Amino acid sequence: SGGTAVTMSGTHFQNGASVMIGGNTATQINVAKPTTITATTPPGAAGTANVTVMNPGCSGSPLCAATLASAFTYVAPPPTLEISTPVLDFGAVKIGKRRKRSFSVRNISNQTQTVNPILAGPFQLRSATSFTLKAGKRKTVKVRFVPTTAGPANGAVSISSATGSLQVQLTGSGVAR
């Protein structure tokens, strides 16, 4: 998410140099001496990122800029929500009949989050489509399966908040009466 203090070592760094990490400009750049630069990382996606230092007035000389591939690693933030199960299986349900299942979502962060369940497939949410979850609290999400045709049915409930998302797979089978 950025905001990490980093130190780069090299040669020929000049005052006014810029630093790019993963293609984004770092902040609080300080050329402490010609062999050391400190900076604060910009936001970036989880994974490795190239680091480029470019001296001011760069005109293509070998002392102008340098890139070190995969020199910084962004770490994904820890999850802030957890679900009680990754799969809800409704089993065999007669066409036109209904079966209910539920799972819980727990906020494992230290702040209130708005949670948005989004449904895909031939299933129905019985709970509110969006809810607020205080730190450490849990809420039950209710799902219903009412098959209209015979055969297997698959879907998912995506649970998302400002800090990430999780998914509960939904399975069932419609059977003739």
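The first residue in the sequence is number 1, and the count goes up from there. Quick caveat: nothing in here was measured; it's all calculated off a predicted structure.
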How far apart are the C-alpha atoms of Val143 and Leu170, what are their side-chain angles, what is the distance that settles it, and do they pass the side-chain contact (heavy atoms from CB on, under 4.5 Å) test? CA-CA 9 Å; Val143 183; Leu170 307 173; 4.1 Å; yes
Taking it one step at a time, do Ser161 and Asn116 satisfy side-chain contact (heavy atoms from CB on, under 4.5 Å)? CA-CA 6 Å; Ser161 71; Asn116 301 297; over 6 Å; no
Decide yes or no on side-chain contact (heavy atoms from CB on, under 4.5 Å) for Ile37 and Ile29, but give the supporting numbers first. CA-CA 7 Å; Ile37 293 180; Ile29 300 166; 4.0 Å; yes
Checking Val6 against Thr38 for the side-chain contact (heavy atoms from CB on, under 4.5 Å) test, could you report, in this order, the C-alpha distance in whole Å, the side-chain angles of both residues, the deciding distance, and whether it holds? CA-CA 6 Å; Val6 293; Thr38 60; over 6 Å; no
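Using a 4.5 Å heavy-atom threshold, the side chains of Ile108 and Leu81 count as separate. Put simply, the side chain of Gln169 does not reach to within 4.5 Å of the side chain of Pro86, judged on heavy atoms. Using a 4.5 Å cut-off on side-chain heavy atoms (C-beta onward), Val19 and Met8 make contact. Val141 places a side-chain heavy atom less than 4.5 Å from the side chain of Phe131.
Ile21 and Met54 are members of different hydrophobic clusters when ILVMFWY side chains are connected at heavy-atom separations under 4.5 Å. No continuous path of hydrophobic side-chain contacts links Val31 to Met20 [ILVMFWY only; heavy atoms under 4.5 Å]. There is a path of hydrophobic side-chain contacts, each under 4.5 Å, that joins Val168 to Leu125.
The ring-ring contact (aromatic ring centres under 6.0 Å, His included) check on Phe103 picks up nothing, with sequence neighbours excluded. Qualifying ring-ring contact (aromatic ring centres under 6.0 Å, His included) partners for Phe13, counting only residues two or more places apart in sequence or in other chains: none.
Cluster partners of Ile118, using a side-chain heavy-atom cutoff of under 4.5 Å among ILVMFWY residues and allowing indirect links: none.
Among residue pairs with one or both ends in residues 15-34, none qualify as ring-ring contact (aromatic ring centres under 6.0 Å, His included); sequence neighbours excluded. Applying the salt bridge (charged side-chain N to carboxylate O under 4.0 Å, His left out) definition to pairs two or more places apart or across chains, those involving residues 106-117 are Glu82-Arg106. Identified under the ring-ring contact (aromatic ring centres under 6.0 Å, His included) test for residues 19-48, with sequence neighbours left out: none. Identified under the side chain to side chain donor-acceptor pair (under 3.5 Å) test for residues 21-36, with sequence neighbours left out: Gln28-Thr40. Among residues at least two apart or in separate chains, ring-ring contact (aromatic ring centres under 6.0 Å, His included) pairs with a member in residues 68-89 are Phe72-Tyr74. Identified under the side chain to side chain donor-acceptor pair (under 3.5 Å) test for residues 86-99, with sequence neighbours left out: Asp89-Thr171. Applying the ring-ring contact (aromatic ring centres under 6.0 Å, His included) test to every pair with at least one member in residues 154-173, sequence neighbours left out, gives no pairs at all. The salt bridge (charged side-chain N to carboxylate O under 4.0 Å, His left out) contacts involving residues 152-165 comprise nothing, where partners must be two or more places apart or lie in separate chains.
Minimum heavy-atom separation, Phe145 to Val93: CD2-CG2, 3.8 Å. When every heavy atom of Val53 is checked against every heavy atom of Ala17, the shortest pair comes out as CG1-CB, 4.4 Å.
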Can you give the donor-acceptor pairs under 3.5 Å from side chains of residues 146-153 to other protein atoms, not counting sequence neighbours?
none

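Note: Gln124 CD to Lys100 NZ = 11.0 Å, rounded to the nearest 0.5 Å. Rounding to the nearest 0.5 Å places CD of Gln167 at 10.5 Å from OG of Ser160.
Ser173 places no side-chain N or O within donor-acceptor distance of the main-chain N or O of Gly91, the cut-off being under 3.5 Å. Side-chain N or O atoms of Ser84 include one that pairs as donor or acceptor with a backbone N or O of Ser104 at under 3.5 Å. Looking at Asn107, its side chain does come within 3.5 Å of a backbone N or O of Leu133 through a donor-acceptor pair. At least one donor-acceptor pair under 3.5 Å links the side chain of Gln113 to the backbone N or O of Thr80.
With no hydrogens or angles considered, a side-chain donor-acceptor pair links Thr67 and Thr52 at under 3.5 Å.
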